[in-house]
Amino acid sequence: WDEPLIFELSREGRIGYTMPKPIEDVSVEVPEKLKRKSPLNLPQLSEPEVVKHYTRLSEMNYGVDSGIYPLGSCTMKYNPKINEEIAGHPGVAYVHPYQDERTVQGALKIMWELEQWLKEITGMDRFTLQPAAGANGEFTGVMVIRAYHLDRGDTQRTEMLVPDSAHGTNPASAAMAGFKVIEIPSNENGTVDLEALENAVSERTAGLMLTNPNTLGIFEDEILEIARIVHKAGGLLYYDGANLNAVLGKVRPGDMGFDVVHLNLHKTFSTPHGGGGPGSGPVGVKDFLKDYLPVPLVGYDEERGYYLDYNVPKSIGKVKELYGNFAVMVRALTYLKVMGREGLREVSEIAVLNANYITQKLKGTRGYELPHKELRKHEVVFSAEPMKKETGVKALDVAKRLLDFGLHAPTIYFPLIVHEALMIEPTETVSREELEAYVEALKRISEEAYSNPEIVKSAPHNAAVRRVDDVLAAKRPIITWRMYRELKEKGEVDI
Amino acid sequence: WDEPLIFELSREGRIGYTMPKPIEDVSVEVPEKLKRKSPLNLPQLSEPEVVKHYTRLSEMNYGVDSGIYPLGSCTMKYNPKINEEIAGHPGVAYVHPYQDERTVQGALKIMWELEQWLKEITGMDRFTLQPAAGANGEFTGVMVIRAYHLDRGDTQRTEMLVPDSAHGTNPASAAMAGFKVIEIPSNENGTVDLEALENAVSERTAGLMLTNPNTLGIFEDEILEIARIVHKAGGLLYYDGANLNAVLGKVRPGDMGFDVVHLNLHKTFSTPHGGGGPGSGPVGVKDFLKDYLPVPLVGYDEERGYYLDYNVPKSIGKVKELYGNFAVMVRALTYLKVMGREGLREVSEIAVLNANYITQKLKGTRGYELPHKELRKHEVVFSAEPMKKETGVKALDVAKRLLDFGLHAPTIYFPLIVHEALMIEPTETVSREELEAYVEALKRISEEAYSNPEIVKSAPHNAAVRRVDDVLAAKRPIITWRMYRELKEKGEVDI
Amino acid sequence: MGRHYLPNAAHKEELAKEIGFASVEDLFSDVPKGMVKEFNLPEGKSEYEVFLELNEVLSKNRTVLEMPSFLGAGTYFHYVPAHVKYLIERSEFLTAYTPYQPEVSQGMLQALFEYQSLIAELVGLPIVNASMYDWGTAMAEAALMSARVTRRNKFVVPKALSPEKRKVLHTYTAGPGVEIEYVDWNENGQVDIEKLKEAVDGAAGVYVEIPNFFGMLEEELITIGEIAHDAGALFVVGVDPTILGVVEAPGELGADVVVGEAAYFGNPMNFGGPRAGIFAVKNDRKLVRQMPGRIIGMTKDADGKRAFVMTLQTREQHIRRAKATSNICSNEALVAVAAAIHLATLGPKGLTELGEVILKNTAYLKKRLSEVAEVPFEGVNFKDVLVRFGKPYNEIHGALLERNIHGGYYIGEHFPELGESALFAATETTRKEWVDALIEALKEVA
Amino acid sequence: MGRHYLPNAAHKEELAKEIGFASVEDLFSDVPKGMVKEFNLPEGKSEYEVFLELNEVLSKNRTVLEMPSFLGAGTYFHYVPAHVKYLIERSEFLTAYTPYQPEVSQGMLQALFEYQSLIAELVGLPIVNASMYDWGTAMAEAALMSARVTRRNKFVVPKALSPEKRKVLHTYTAGPGVEIEYVDWNENGQVDIEKLKEAVDGAAGVYVEIPNFFGMLEEELITIGEIAHDAGALFVVGVDPTILGVVEAPGELGADVVVGEAAYFGNPMNFGGPRAGIFAVKNDRKLVRQMPGRIIGMTKDADGKRAFVMTLQTREQHIRRAKATSNICSNEALVAVAAAIHLATLGPKGLTELGEVILKNTAYLKKRLSEVAEVPFEGVNFKDVLVRFGKPYNEIHGALLERNIHGGYYIGEHFPELGESALFAATETTRKEWVDALIEALKEVA
């Protein structure tokens with residue numbers, strides 16, 4: 001249905017709160033030059049109206065509890081409700097980050113324990129939990145690499161190598177840290193081209209940022225050789241943990257030769273994605289890099305208990321205020337304790353099984369091509385290139401048509417090295433029946449594409465809105481109610 | 001959409017929980033004669049599947065947060081979320097009712113404080129919070145009346161008077177308490193016929209059960225005379241609190257002459273209705289009846305603090321295990337503290353205003369008749385009798401058509417004294433715009449009834465299902481999956 | 001003062017005028033003069049202030065998470081998986097009412113149908129209602145139903161009945177004049193069969209529980225049912241449904257009616273409420289017509305699609321008024337849905353494991369208690385264990401509390417013949433260290 | 001061990017065979033031999049055991065509900081109305097991801113558009129993104145953006161900057177080599193205008209906060225903006241948005257860019273995270289093209305109906321990769337939605353009242369503190385008040401803690417020139433009895 005903007009629901013005089021009275025009702029005057037004089041055009045609603053509005057908006061949104069949500073590279077697994085229950089403890093919400101350490105032993109213990117789990121899972125020696133998200137973690141990691149080289153006087157290492165299949169955040173993070181980004185092509189197997197890598201490394205190489213398995217869902221089986229090449233050139237190996245769900249509890253980045261790792265608690269460790277955040281992107285490093293991590297780290301000492309350790313001599317500083325997204329950490333640790341050693345291993349086994357189930361059941365379907373090798377890990381990337389050529393139906397159309405069946409689309413047009421990419425990551429928390437229904441829907445869309453392509457091209461038909469015009473949005477941006485109101489007043493908009 | 005039954009989603013071998021291990025893994029054998037041998041046909045699902053199933057079911061349900069819900073006599077007001085927050089405190093959930101009173105001072109204080117509020121609001125002298133719902137409260141009240149008469153040796157008082165406009169629970173509760181029910185007709189104003197009442201009272205009269213305002217939303221303006229008549233005959237006056245929202249904070253049943261009152265915390269005091277419960281139906285009495293209340297009551301003593309008082313010499317016993325629906329009481333007290341004296345008064349003012357707004361805006365619309373007087377309190381009852389006669393469109397059809405507009409229907413076919421009744425109680429928590437939209441929808445349905453009655457008769461068209469066949473349901477009851485399965489196996493059902 | 005819940009508050013006078021009233025006061029012109037008055041109540045507070053205040057009040061309760069507790073006697077600390085609470089708090093369930101309009105209430109209707117169906121599988125009877133207030137009122141309604149069905153007015157119950165249920169039963173049966181007869185227990189703490197045979201003559205129903213109030217399994221349940229049936233009485237079984245993974249469905253053991261407490265699944269203790277009473281009967285037209293409470297049935301919609309609806313309403317108060325089978329209207333729907341979600345989560349394996357873990361933990365508790373006190377009844381216990389002490393229990397209780405342990409439920413005042421006895425209970429939530437700490441403490445103080 | 005989250009666990013080998021693999025192990029045949037290993041991790045536990053354990057751990061935190069606290073310095077105890085938490089916990093919001101498919105994500109998109117719109121009204125700038133990680137990173141990104149836009153590499157900030165923000169700024173600007181210059185405060189604890197004039201030469205941007213780290217309102221804000229603009233620098237204002245009901249929108253005072261902390265609305269303290277950074281700019285094409293972060297825009301669907309979508313993505317990393325305006329991908333969407341719901345609840349009147357109550361409570365705290373210690377800076381404070389003690393603050397702090405009062409944030413180590421100083425803070429949640437207890441305690445121990 002159509003839900004108005006909250007501003008459009010406003011009626012003069014309505015209130016949605018009762019403010020506590022001030023301690024003393026004395027007049028405190030803001031300096032005249034600073035006093036608010038411009039109008040405060042906030043909406044005026046009662047609490048029931050606010051609740052109805054956002055309840056209705058929520059009903060216009062698809063979440064993990066709505067059905068399969070196989071966004072490739074996003075690991076949209078089920079978010080256990082016990083995580084929310086624990087994160088809802090008043091000992092999370094009502095604790096100030098600057099409290100005396102004696103009054104926050106519980107919080108510090110949680111951070112400390114989480115670090116121990118992450119160390120063993122990744123084969124790293126020390127973790128910072130500060131980064132707020134994966135990209136923030138990447139930035140942390142490459143800054144650590146930068147600091148390491150500079151600290152050794154190795155000032156010419158200005159280049160960061162990034163495969164062409166990498167997430168866009170990898171080159172962006174490297175650039176933010178001041179590195180020049182060198183792209184390494186993939187070979188026909190979809191993995192790093194070793195020859196190209198050999199040619200790219202030099203005394204300017206700061207490191208290589210790699211995801212393993214990569215964004216095609218393919219395990220870089222030459223990983224030990226890759227590590228050898230990079231290390232030999234004096235570079236460090238950075239592990240983008242976006243795809244850790246594929247090897248969780250089975251293989252450790254540390255054992256593959258990586259020196260720095262970032263994880264996404266909101267992907268691998270089941271914390272909810274919140275419509276795009278909050279996430280959490282802890283970064284782990286091998287022992288020789290630990291002195292460069294952001295401050296503070298969490299320490300433990302028999303006598304003192306848990307404490308915040310600001311004594312990190314060569315620290316890169318901070319990548320975010322305070323200690324990171326603590327409420328997310330609580331959820332991740334809850335998950336880890338429920339899963340345990342065997343549970344985590346089973347996660348990756350079934351995540352991989354489910355992705356290969358889709359791979360095998362869908363391959364050979366007309367219009368979808370499976371480039372690169374067949375054996376995938378946690379996700380698979382099909383190409384709708386043949387379908388596009390033969391029927392004009394694009395990956396985007398396939399995605400939109402899936403919505404009509406009550407299913408969420410996969411990630412599309414990524415990785416960039418696959419044309420008309422459909423990147424499907426079912427995760428371990430969907431059932432066989434859901435996998436089957438997904439494959440069936442994709443097969444039906446293939447049939448439609450070859451028999452009645454218009455129905456696919458004009459999809460979705462059953463969603464809250466029809467296909468959304470993103471070109472218009474970019475051409476004439478309307479970013480806020482304020483802009484909309486002004487354009488509307490000028491008669492320049494008809495929405 | 002169609003959501004299968006949870007049994008149909010079951011797949012052998014799936015589990016949704018992990019049980020804690022026993023303290024000792026010794027074998028404990030149930031006596032052979034009692035061992036479970038029959039199959040346990042429970043569904044087998046994982047937690048994500050359970051969550052998706054019930055999330056989807058919830059999306060097929062209309063609640064107060066979905067929109068206006070003007071069920072007459074049900075007081076579907078907004079349920080403030082702070083009530084839920086407070087009721088979610090571990091000091092509610094994780095407390096055993098038999099704990100030593102020293103360890104539950106918080107719980108007892110809440111019950112004690114709630115009683116103080118309810119006493120002042122009703123003008124009663126003592127309350128039991130034990131009844132689980134309104135009808136349970138009615139039963140409590142009439143049992144108290146019964147005990148009072150018997151205690152005085154007044155054994156011939158076997159008749160309970162109930163107006164013909166009363167809720168069905170009134171006569172049912174009286175009957176359960178062993179009373180003969182005498183129905184008192186309403187007069188042309190929709191209020192108690194005083195002459196009939198005079199004729200009905202006798203030395204057999206135990207009491208009169210009355211709702212004020214009554215189910216027509218009309219204030220019994222002769223209430224003092226009614227009280228005089230009943231009291232003079234030796235009977236007691238029972239107040240059904242279902243409609244208290246109309247006079248909350250303005251008028252007290254105790255001042256109208258009532259001796260016993262039940263309240264519905266889930267109606268007047270904003271606790272959620274939960275799809276039909278839990279409710280809570282506290283009963284208040286005047287001082288001379290307090291020794292008959294159920295045990296335990298809550299006492300307070302400077303030294304001892306709050307305590308459970310089982311020393312109620314002439315108690316009727318118990319109407320429910322333990323102390324009542326404590327989690328509901330917590331919510332009600334939260335509401336009371338937020339609202340306060342002035343807030344409560346404003347509740348009834350606006351509840352009455354909103355009902356009269358609908359009355360005035362809808363009256364005169366073709367097909368709807370407004371029997372009895374115009375001034376209503378918290379609800380109004382229109383009759384669709386003219387519409388039925390002129391177009392064949394019944395109150396039921398009007399109700400179903402409202403669903404198509406995303407609005408909940410009013411209560412229909414009640415009170416029984418109004419034909420084709422549409423009993424509308426908007427409550428104080430809906431906005432003017434929602435009232436207007438409701439009136440507009442009813443007017444539009446009137447137009448449709450006179451122009452295109454079929455669209456109304458075949459409504460709803462936009463709900464999760466089309467009109468539901470309740471005749472079939474009663475003719476061939478299928479009450480459980482077990483029955484369904486058996487009928488299905490025999491080929492006797494095609495659903 | 002709560003204006004934030006009242007969208008029209010700022011414009012109430014304006015709205016009153018718009019519909020022809022001079023003021024809001026005029027809307028109350030039908031109230032007798034002088035009856036409208038100022039109430040002696042506190043002023044409203046901000047949500048924050050109420051939050052602070054009630055948070056502090058509730059923090060004064062000591063929870064079983066802070067203090068190991070061995071209380072049972074009809075209320076038990078079971079663990080409720082987090083998703084159960086999460087789901088029933090969705091406002092579409094939480095804030096809805098009785099599904100009078102089935103077309104926009106299919107979610108609640110189906111959830112309740114599933115509740116009925118899950119209970120039916122547990123208890124082995126095909127007809128289940130959508131809930132009573134609790135076990136006690138369900139039992140009392142079963143007594144009344146038995147009297148209606150058999151046209152007799154005596155209901156036979158074990159003497160080993162909880163004080164709660166005893167009181168409820170007396171109150172409910174007082175009006176209709178149904179007489180309650182108690183049957184003593186034998187040396188095993190179970191119903192004395194010989195005494196039952198004497199009592200059953202002219203009975204409308206015979207009621208027995210599994211486990212009984214002392215935590216014992218009634219081994220002669222089948223025999224008791226036969227005795228009841230031979231006497232023309234209905235056989236009513238009360239059951240703690242958490243036992244039904246390991247104990248046979250009462251319906252298979254001869255029960256005509258099964259009552260019990262559904263809230264042991266999916267609901268926390270909540271200081272005793274809300275609960276939800278199980279009420280199930282055989283598929284016997286007389287029983288179905290006479291049973292209390294709401295019932296959800298499966299049917300079709302106008303397109304022939306499966307749908308759910310409240311059914312068999314001609315038994316109910318809003319239709320039958322004084323002649324209804326019960327006065328019950330609001331029931332405990334959300335409590336029942338929570339129980340259903342928990343049961344669906346457990347499945348057959350989980351329910352069996354739950355029963356087994358409780359049996360084992362209870363056995364451990366019983367074994368350890370027998371080291372420090374008298375445990376009069378031999379046999380298998382489920383949750384509750386009756387323990388007799390050599391000195392006033394009150395003293396022991398106080399000493400345990402000082403050690404931050406909450407002991408069992410004293411039953412001496414209700415069963416003086418058992419002396420200084422108490423029920424100590426275990427469930428799947430009981431930790432070894434709690435029991436061990438209890439025993440250590442009892443060694444000191446008992 | 002978590003199998004209850006894994007529907008296919010019981011049939012994994014069967015499924016593997018069905019798709020042509022001899023076993024699940026074979027799905028990992030591409031992993032180098034020997035790399036798969038056993039991990040040294042604890043076994044999984046039941047949900048109940050984890051619940052018990054973590055509940056106990058978290059109960060070891062002393063919350064501000066149990067212990068009056070005067071901590072501020074960038075994190076404040078504000079009250080979040082219960083419905084805000086209730087709404088953002090709805091799984092459709094909570095468990096969704098970035099709205100890549102707008103047709104099934106209109107709810108989150110509209111909520112974020114409303115967030116952007118509400119912030120725009122507060123700060124007085126029309127372009128707002130859908131959130132940064134926090135105020136600190138938003139400020140750092142503003143510094144980088146200023147450098148990109150002006151092609152200069154110096155960013156001028158007040159010396160009275162929080163240690164958190166200072167560190168974040170240094171880390172973010174290290175790679176691109178943007179130099180940070182600090183401007184000292186004057187005797188009023190505000191930016192020294194003369195020193196600013198010296199520093200501004202060649203600056204890409206000038207940053208100032210309202211209130212500043214010492215809780216003071218920068219009275220010369222407009223002048224500071226003019227100085228920045230005269231020097232060709234962008235004027236970046238950091239703002240605690242809870243002040244904007246009483247203080248003029250920075251956009252109206254000359255700001256080109258506004259950053260700040262959105263999580264002060266709608267979100268509890270959470271031991272410091274998550275937060276959500278505000279990032280707003282003027283409607284200047286250069287700034288819009290150079291700003292970081294996701295932006296939601298209004299558009300139409302194929303039927304011409306209003307719809308929302310992520311827009312202006314050509315600035316972002318997934319398209320521009322190394323040339324993106326920032327690496328940010330996941331942001332703090334749900335935190336922003338919570339802030340929006342809280343703001344929509346407050347409305348104009350509520351925001352103004354909030355600012356006024358905080359001003360008054362802070363004034364009361366300041367007045368009372370001045371009875372027992374030195375309060376170096378005169379003027380109006382918002383939340384934080386800087387207090388200087390005559391003896392080591394550490395001792396005072398410990399003595400307060402013993403009295404169950406948490407004192408302020410010690411800043412002596414970061415600002416040695418201020419001696420034994422600490423920031424004590426008040427908000428709308430501060431109670432008179434807390435302040436009075438603090439002052440009584442300080443009289444004893446300070």
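Protein chains get the first letters and strands the later ones, always in sequence-line order, with residue 1 at the start of each. Computed over heavy atoms, backbone and side chain alike; hydrogens, waters and symmetry mates excluded. Note that this is a predicted model, so its numbers are computed, not measured.
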Per-residue contact mode, Met483(A) against chain D (heavy atom under 4.5 angstrom): side chain

Donor-acceptor pair, side chain of Glu120(A) and main chain of Asn40(D), under 3.5 angstrom: yes

Beyond-backbone contact of Val330(A) with Asn270(D), side-chain heavy atoms, under 4.5 angstrom: no

Euclidean distance, Glu114(D) CD relative to Thr480(A) OG1, rounded to 0.5 Å: 12.5 Å

Contact class of Arg345(A) relative to chain D, heavy atoms under 4.5 angstrom: side chain

Heavy-atom pair of closest approach, residues Ala409(A) and Gln101(D): CB-NE2, 3.4 Å

Structural part of Ile218(A) lying under 4.5 Å from a heavy atom of chain D: neither

Minimum side-chain heavy-atom gap Leu118(D)-Phe7(A) below 4.5 Å: yes

Arg466(A)/Asp303(D) ion pair, N-O < 4.0 Å: yes

Donor-acceptor contact present, side-chain Glu248(D) to main-chain Ser38(A), <3.5 Å: yes

Polar side-chain atom of Thr75(D) near backbone of Pro97(A) as donor-acceptor pair, under 3.5 Å: no

Residue Pro20(A) versus chain D: region with a heavy atom under 4.5 Å: both

Which portion of Phe77(D) sits near chain A, non-hydrogen atoms under 4.5 angstrom: side chain

Whether His406(D) side chain and Asp100(A) backbone form a donor-acceptor pair below 3.5 Å: yes

Side chain / backbone / both / neither for Glu53(D) at chain A, heavy atoms under 4.5 Å: side chain

Side chain proximity check, Gln44(A) to Pro348(D), heavy atoms < 4.5 angstrom: yes

Heavy-atom closest contact (Ala344(D) atom, Ile6(A) atom, distance): CB-CD1, 3.7 Å

Ile296(D), part contacting chain A, at a heavy-atom distance under 4.5 Å: backbone

Glu92(D) (side chain) donor-acceptor with Gly63(A) (main chain) under 3.5 angstrom: no

Which atom of Asp65(A) lies closest to which atom of Ser91(D), heavy atoms considered: OD2-CB, 3.0 Å

Contact origin within Glu85(A) toward chain D - heavy atom pairs under 4.5 Å: side chain

Side chain / backbone / both / neither for Tyr17(A) at chain D, heavy atoms under 4.5 Å: both

Proximal component of Arg294(D), with respect to chain A [non-hydrogen, under 4.5 Å]: side chain

Under-4.0 Å salt bridge between Asp301(D) and Arg467(A): no

Minimum heavy-atom distance between Tyr69(A) and Thr95(D), given as atom pair plus value: CE1-O, 4.3 Å

Contact check, side chains of Phe28(D) and Phe219(A), non-hydrogen atoms, under 4.5 Å: no

Atom group of Leu34(A) that falls short of 4.5 Å from chain D, counting heavy atoms: both

Leu27(D) versus chain A, the contacting section by heavy-atom distance below 4.5 Å: both

Val247(D), part contacting chain A, at a heavy-atom distance under 4.5 Å: both

Interface moiety of Val288(D) toward chain A, non-hydrogen atoms closer than 4.5 Å: neither

Region of Asn79(A) that comes under 4.5 Å of a non-hydrogen atom in chain D: side chain

Under 4.5 Å from a heavy atom of chain D, the part of Tyr54(A) involved: both

Which portion of Arg306(D) sits near chain A, non-hydrogen atoms under 4.5 angstrom: both

Note: Lys12(D)-Glu349(A) ion pair, threshold 4.0 Å (strictly below): yes

Any donor-acceptor N/O pair, Thr429(A) side chain to Tyr5(D) backbone, under 3.5 Å: no

Heavy-atom contact with chain A under 4.5 Å, split by part of Ala363(D): side chain

Which atoms of Arg146(A) approach chain D - backbone, side chain, both or neither, heavy atom under 4.5 Å: side chain

Aromatic plane relationship, Tyr97(D) with His266(A) - under 30° parallel, 30 to 60° tilted, over 60° perpendicular: tilted

Contact origin within Val24(D) toward chain A - heavy atom pairs under 4.5 Å: side chain

Parallel, tilted or perpendicular, as decided by the 30° and 60° cut-offs, for the rings of Tyr409(D) and Tyr98(A): parallel

Per-residue contact mode, Leu122(D) against chain A (heavy atom under 4.5 angstrom): both

Contact class of Lys109(A) relative to chain D, heavy atoms under 4.5 angstrom: side chain

Under 4.5 Å from a heavy atom of chain D, the part of Met176(A) involved: both

Flag, side chain of Glu321(A) to backbone of Glu164(D), donor-acceptor distance under 3.5 Å: no

Nearest atoms (heavy-atom pairs only) where Gly275(A) meets Ala333(D): O-CB, 3.4 Å

Contacting moiety of Phe179(A), where chain D heavy atoms sit under 4.5 Å: neither

Ser326(D), part contacting chain A, at a heavy-atom distance under 4.5 Å: both

Ala107(A) versus chain D, the contacting section by heavy-atom distance below 4.5 Å: both

Salt bridge flag under 4.0 Å for residues Arg90(D) and Glu59(A): yes

Approximate separation, where rounding is to 0.5 Å, of Ile495(A) CD1 and Met298(D) CE: 6.0 Å

Option from Val51(A), Leu57(A), Val50(A) for which side chain to side chain contact (heavy atoms under 4.5 Å, CB included) with Ile341(D) holds: Val50(A)

Over all atoms of both residues, closest heavy-atom pair of Phe21(D) and Leu375(A): CE2-CD1, 3.7 Å

Heavy-atom contact with chain A under 4.5 Å, split by part of Ser117(D): both

Ser173(A) side chain to Asn327(D) backbone, donor-acceptor under 3.5 Å: no

Donor-acceptor contact present, side-chain Asp30(D) to main-chain Asp221(A), <3.5 Å: no

From CA spacing to verdict: side chain to side chain contact (heavy atoms under 4.5 Å, CB included), Val295(A), Lys167(D): CA-CA 9 Å; Val295(A) 284; Lys167(D) 287 204 181 75; 3.8 Å; yes

Glu342(A) side chain to Gly44(D) backbone, donor-acceptor under 3.5 Å: yes

Engaged part of Ala130(D) at the chain A interface, taking heavy atoms whose separation is under 4.5 Å: neither

Ile86(A) and Asn55(D), any side-chain heavy atoms less than 4.5 Å apart: no

Row check, Tyr94(A) ring normal vs Arg62(D) NZ/CZ: under 6.0 Å, within 45°: no

